[in-house]
Amino acid sequence: MRHFMKIFPIITILLFTNLFSQKISYEISLCGRNQKIILTSKNNKNYKGLVINEFFKRNSDKKIIKKVKIKKSVAKSLFNELTEQGINEHKKIIDSTRCGEFYLDGDYLSFKTLKNNKIFFEKAFAEVYPESEAKTEKNSCRREAQKLITIADKELNLKALYSKIFKSLPKNYCYWSGIYMVCKINK
């Protein structure tokens with residue numbers, strides 16, 4: 001009993017902390033390259049971000065994953081702006097609005113929200129790119145998805161970041177862009 005009384009306050013603090021702490025993560029995977037943005041907020045106080053860039057060696061199972069940290073201030077700003085712009089609002093949209101259709105050979109932009117490491121929301125949009133890489137979407141639902149990825153792209157300059165990393169790789173490393181394999185043939 002005496003031993004229990006000593007550890008009871010510690011158990012109470014741990015339980016209280018875990019019950020009331022909230023970790024929210026946004027994962028955004030881009031079209032045209034194997035690039036993912038991960039933004040995390042813990043209790044709306046601590047923010048962090050990461051851009052994950054993945055490549056593979058031609059005719060091999062070998063992969064190179066390059067992670068680029070996002071400054072905490074940028075991660076916070078980007079997380080809050082995406083939240084304000086409704087990153088989770090697409091959950092309410094029915095697929096019959098031609099918003100989440102897939103094409104046979106296409107690539108897609110996907111959004112995933114995790115709350116305390118459990119999937120809260122997940123949605124993919126075929127062939128939706130940031131405004132810097134494609135024309136403005138006409139479908140209102142797809143346009144909202146495009147606005148969200150454009151917010152991230154303007155802050156992080158995603159295509160340039162991916163290109164810079166790709167150029168620094170040894171020859172014979174590749175990535176998929178839709179149905180096309182793009183490979184580096186010289187160093």
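For reference, positions follow the sequence shown, starting with 1.
Put simply, Leu161 and Ile28 are part of the same group of oily side chains (I, L, V, M, F, W, Y) that touch within less than 4.5 Å, one to the next. Criterion: ILVMFWY side-chain heavy atoms under 4.5 Å apart, direct or through other members. Under it, Ile52 and Leu109 are not part of a common hydrophobic cluster. Linking Ile, Leu, Val, Met, Phe, Trp and Tyr residues whenever their side-chain heavy atoms come within less than 4.5 Å leaves Tyr129 and Val51 in two separate clusters. Note on Leu148: it does not cluster hydrophobically with Ile38, by side-chain heavy-atom contacts below 4.5 Å among ILVMFWY residues. The cluster map of Ile, Leu, Val, Met, Phe, Trp and Tyr, joined by side-chain heavy atoms under 4.5 Å apart, puts Ile165 and Ile64 in the same cluster.
Residues that satisfy the side chain to side chain donor-acceptor pair (under 3.5 Å) test with Glu122, not counting sequence neighbours, are absent from this structure.
Closest non-hydrogen pair, Ala126 versus Tyr108, comes out as CA-CB, 3.9 Å. Residues Phe111 and Ala145 approach most closely at CZ-O, 3.7 Å, considering heavy atoms. Looking at every heavy atom in both residues, Gly49 comes nearest to Ala75 through N-CB, 3.7 Å. The two residues Pro130 and Asp153 have their closest heavy-atom pair at CB-OD2, 3.6 Å. Closest approach of Lys112 and Leu114 over heavy atoms only: CD-CD1, 3.8 Å.
The shortest distance between side-chain heavy atoms of Leu50 and Ile70 does not fall below 4.5 Å. A heavy-atom distance below 4.5 Å is found between the side chains of Val128 and Glu137. Side-chain contact between Arg143 and Glu131: present, with at least one pair of heavy atoms (C-beta onward) separated by less than 4.5 Å. Side-chain contact between Lys63 and Lys57 is absent, with no heavy atoms from C-beta onward closer than 4.5 Å. Residues Lys23 and Asn117 have side chains in contact (heavy-atom distance under 4.5 Å, counting atoms from C-beta outward).
Each of Phe56, Phe55, Tyr162 was compared with Asn34 under the side chain to side chain contact (heavy atoms under 4.5 Å, CB included) criterion, and only Tyr162 meets it. When each of Leu158, Val182, Asp107 is checked for a side chain to side chain contact (heavy atoms under 4.5 Å, CB included) with Arg33, only Leu158 meets the rule. Of the options Leu78, Val74, Leu39, Asn80, a side chain to side chain contact (heavy atoms under 4.5 Å, CB included) to Tyr47 is made by Asn80 and by none of the others.
Between the CG atom of Asn172 and the NZ atom of Lys62 there is a distance of 11.5 Å, given to the nearest 0.5 Å. The structure places SG of Cys174 at 10.0 Å from CG of Leu169, a figure rounded to the nearest 0.5 Å. Summarising the geometry, atom CG belonging to Asn46 is positioned 8.0 Å from atom OG belonging to Ser41; distances are rounded to the nearest 0.5 Å. The line from CZ of Phe166 to CG of Asn53 is 12.0 Å long, rounded to the nearest 0.5 Å. Atoms CD1 and CG, on Ile37 and Leu30 in that order, are 5.0 Å from each other to the nearest 0.5 Å. Atom CG of Leu82 and atom NZ of Lys147 lie 13.5 Å apart (nearest 0.5 Å).
Remark: the backbone N or O of Lys167 is paired with a side-chain donor or acceptor of Lys184 at under 3.5 angstrom. The backbone N or O of Gly32 lies less than 3.5 Å from a partner atom in the side chain of Ser177, making a donor-acceptor pair. For Thr150 (side chain) and Gln146 (main-chain N/O), a donor-acceptor pair under 3.5 Å exists by modelled atom type. Here the side chain of Arg58 pairs no donor or acceptor atom with the backbone of Lys171 at under 3.5 angstrom. The main-chain N or O of Lys45 is never found under 3.5 Å from a side-chain atom of Asn43 such that the two would form a donor-acceptor pair.
For Tyr26 and Thr83, the side-chain atoms include at least one donor-acceptor pair closer than 3.5 Å.
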